[in-house]
Amino acid sequence: MDKTILVVEDDPSIIRLLKVALKTNGYNALVVEKGVEGIASFLSQKPDLILLDLGLPDIDGMEVLQQVRAISSVPIIIVSARGRENEKVEALDNGADDYVTKPFNIGELMARIRVALRKHPQIKNEEVFVCKDLKVDFEKYQITLNGEPVHFTPNEFKILKLLIEHRGKVLTHKFIQENVWGYQSEDVYQSLRVYMAALRRKIEKDTSNPEYIITEVGIGYRFVEGD
Amino acid sequence: MIKKYRNFLIFFSVMIFSIGLELALDSLGVKDENIYLVFVLAILIINIETKSIWYGLAGSLVMVLSFNYFITEPRQSFDVSDTNYYVSFIMFIVVTFMVNSLVLQLQRQIRKSQENEKKINYLYRFSNDFLHAQSRSDVYEKAVISLDEYLANDVSIVSDDGTTYGKAISESLDTAIEFASRSNTVINKANPMFRNIEETIFPINSQLRSYGTIVIDGSHELSEEDMEFVRNVIEEMTVVLEKNYIAKEQERTRVQVENEKFKTSLLRGLSHDIKTPLTMIQGGSNFLYESFQQLEEEEKKGIIKDIYDESCDLSEFVNNLLDMTRLDEENVKLNKVKEAVDDILFEVNEKVKKRLGNKKLIIHNSDEMVFVYADVSLLTQVFVNLIDNAIKHTKNNTVIEVDYQKKENEILFKVKDNGGGIKPEKIEHIFENFYSITANQDRKRNHGLGLGICKTIIEAHEGKIWAYNNEEGGVTFEFTLPLTGE
């Protein structure tokens with residue numbers, strides 16, 4: 001059965017575009033224009049994913065996010081206007097799975113939807129993760145690139161593991177700090193930047209055109225969706 | 001007490017001395033007329049020294065009696081049969097009155113001119129102070145200090161914007177202050193509406209407007225001179241304040257006119273920059289819609305691609321506009337964070353990738369980790385604009401290189417292309433907003449704003465930006481950002 005996607009959006013031309021795009025990609029699109037209707041439709045229709053615009057005519061999209069998140073772990077992708085990085089970070093920290101910025105690229109949006117719908121099983125310790133030339137062996141605690149061993153620090157490994165576990169999804173600085181260091185602070189934030197840069201230099205051939213770890217400037221990092 | 005005692009001593013000694021002199025002169029056989037002159041002299045001295053009409057009169061009486069007693073026949077007795085003595089007695093009294101009133105008048109005048117001098121000195125100093133006053137608040141502060149110095153009372157001034165200078169004022173005076181200012185009258189307890197106030201309130205009003213009020217506390221009664229003095233100070237104050245006000249008004253109007261002009265040219269530029277890509281999007285999509293059947297697959301794809309490219313351009317332009325409005329607001333609040341330059345350049349690469357076409361972008365990352373403290377989305381926009389500029393203004397197969405170096409206390413960024421360069425006479429104008437509009441009406445679209453925004457952004461970060469033509473061809477844009485202490 002086709003998956004149902006609830007679109008909470010009030011702009012008619014974007015609604016039209018999304019409807020066509022979702023249908024073409026084999027999803028059922030369920031569109032509502034107001035936040036309150038969004039919550040109601042979520043409760044009655046049980047969609048598989050919610051595409052949520054933050055700028056709604058009635059209530060703040062952030063409110064919808066919190067209400068839905070309080071009772072469900074349904075994937076939620078935020079659609080926001082440009083230049084409101086704080087809003088994106090807030091949404092992600094409030095449990096949103098991902099975000100896209102207007103004007104968005106449909107291809108990219110569909111990719112994000114695919115990632116959000118796919119739940120990654122927790123990587124077990126004996127597992128080996130392979131993506132292009134990168135191989136991470138969680139059991140042996142080894143990273144190799146093109147068969148060559150890569151030297152790394154424990155924190156670098158922790159960060160990489162976290163990113164791979166959530167691959168395809170953007171992880172906020174806060175999320176990474178809390179999961180690797182256990183708390184967040186300005187100092188930890190600085191170290192995170194340094195660790196990330198170091199990690200990049202070790203695994204990326206061209207750091208300004210990375211293959212594995214993508215920076216979402218001002219927000220966090222995303223490990224590319226491998227397949 | 002001391003003064004009275006002093007007056008009495010003067011009176012007594014003058015009397016003894018002149019009676020002594022009278023007897024001495026008489027024994028030497030000096031004529032009566034000359035002895036009278038001694039009396040007149042004595043009375044003059046008493047009048048001038050004691051300044052009291054009573055001592056004068058007493059002196060006259062003593063003199064006449066002593067003359068009668070010692071000098072006239074029969075001696076050592078009061079015989080007042082001769083009318084001459086009555087006449088001289090009356091004359092003495094008249095002289096006493098006249099001299100006394102003259103002396104008092106003179107003294108009053110001296111005192112007044114001394115006071116005037118003090119007042120004039122004060123006023124002169126004030127107007128001098130006011131002339132050198134740097135600002136409105138300076139004028140108020142100086143007035144408070146001056147009035148405090150001159151009057152024995154505490155003085156406060158409430159300016160027209162509600163600021164209080166000098167001692168704090170109780171809220172109960174608010175209505176009285178308001179009333180004084182509105183009605184342009186001096187308010188004190190003589191006013192039936194404000195019987196219970198101790199203070200005297202002077203409005204600082206010119207014909208044009210009100211500049212506040214002066215509040216003088218009731219610890220000492222204000223004399224007429226004091227009131228006059230306060231009025232003079234107010235006059236001086238209004239002259240300076242009014243000058244200040246008018247200058248500010250003129251400046252405001254000037255800025256307003258300037259802003260209007262800028263807005264008009266901005267809007268003209270904006271509509272031009274928006275219309276150009278919009279024309280293609282509108283025309284292209286409409287054509288596609290109307291002639292969908294007749295068009296070849298490739299033609300359709302071509303038009304759709306153009307529509308997409310144009311809309312990307314438009315989108316980038318709107319981004320610039322958003323940045324500009326953000327930067328335009330007063331007290332730009334940069335959302336500064338410490339960010340790795342690598343990361344920023346990655347983002348830049350992502351953004352411009354699609355527009356590169358057959359041009360090439362090479363980013364040279366330094367081996368050392370370089371952090372920059374900046375508003376990341378704005379800094380990204382600077383790179384995007386500089387690279388876009390190179391994309392738009394060069395022919396095919398251009399190579400654009402981005403490079404950076406950490407210097408002692410700044411980071412130097414370079415965006416270099418190997419295109420055709422910029423005409424030397426234009427290079428200094430390229431950072432002006434909409435320069436390309438005035439320079440070339442037939443220009444390519446949407447580059448009137450980009451470089452101007454780069455300059456604004458870099459300068460908001462306390463950096464510098466400049467451009468020069470390379471010797472081997474093409475242009476290099478360079479900008480610096482300060483390194484913050486880590």
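Each chain gets a letter, A, B and so on, in the order its sequence line appears, and its residues count up from 1.
The distance from the CZ atom of Arg193(A) to the CD atom of Glu339(B) is 3.5 Å, given to the nearest 0.5 Å. Taken to the nearest 0.5 Å, the CD atom of Glu204(A) stands 8.5 Å off from the CZ atom of Phe346(B).
When all heavy atoms of Tyr221(A) and Asp343(B) are compared, the closest pair comes out as OH-OD2, 3.6 Å.
Here the side chains of Tyr308(B) and Asn105(A) are in contact, with some heavy-atom distance below 4.5 Å. Contact of the Glu350(B) side chain with the Ile214(A) side chain is not registered, since no non-hydrogen atoms from C-beta on lie closer than 4.5 Å.
With a threshold of 4.5 angstrom between heavy atoms, Asn365(B) approaches chain A through side-chain atoms but not through N, CA, C or O.
Within 6.0 Å of atom CD in Gln294(B), more than 12 heavy atoms from other residues, nucleotides or ligands are found, so the atom counts as buried in its surroundings. With a 6.0 Å radius and a threshold of 12 heavy atoms from other residues, nucleotides or ligands, Glu472(B) has its CD atom above the threshold. Around the CD atom of Gln282(B), the shell of radius 6.0 Å holds no more than 12 heavy atoms that belong to other residues, nucleotides or ligands. Within 6.0 Å of NZ in Lys395(B) there are 12 or fewer heavy atoms belonging to other residues, nucleotides or ligands. Annotation for Phe287(B): atom CZ does not count as buried by contact number, only 12 or fewer foreign heavy atoms lying within 6.0 Å.
Put simply, of Ile344(B), Thr380(B), Asn349(B), Leu345(B), the one with the most heavy-atom pairs under 4.5 Å next to chain A is Asn349(B).
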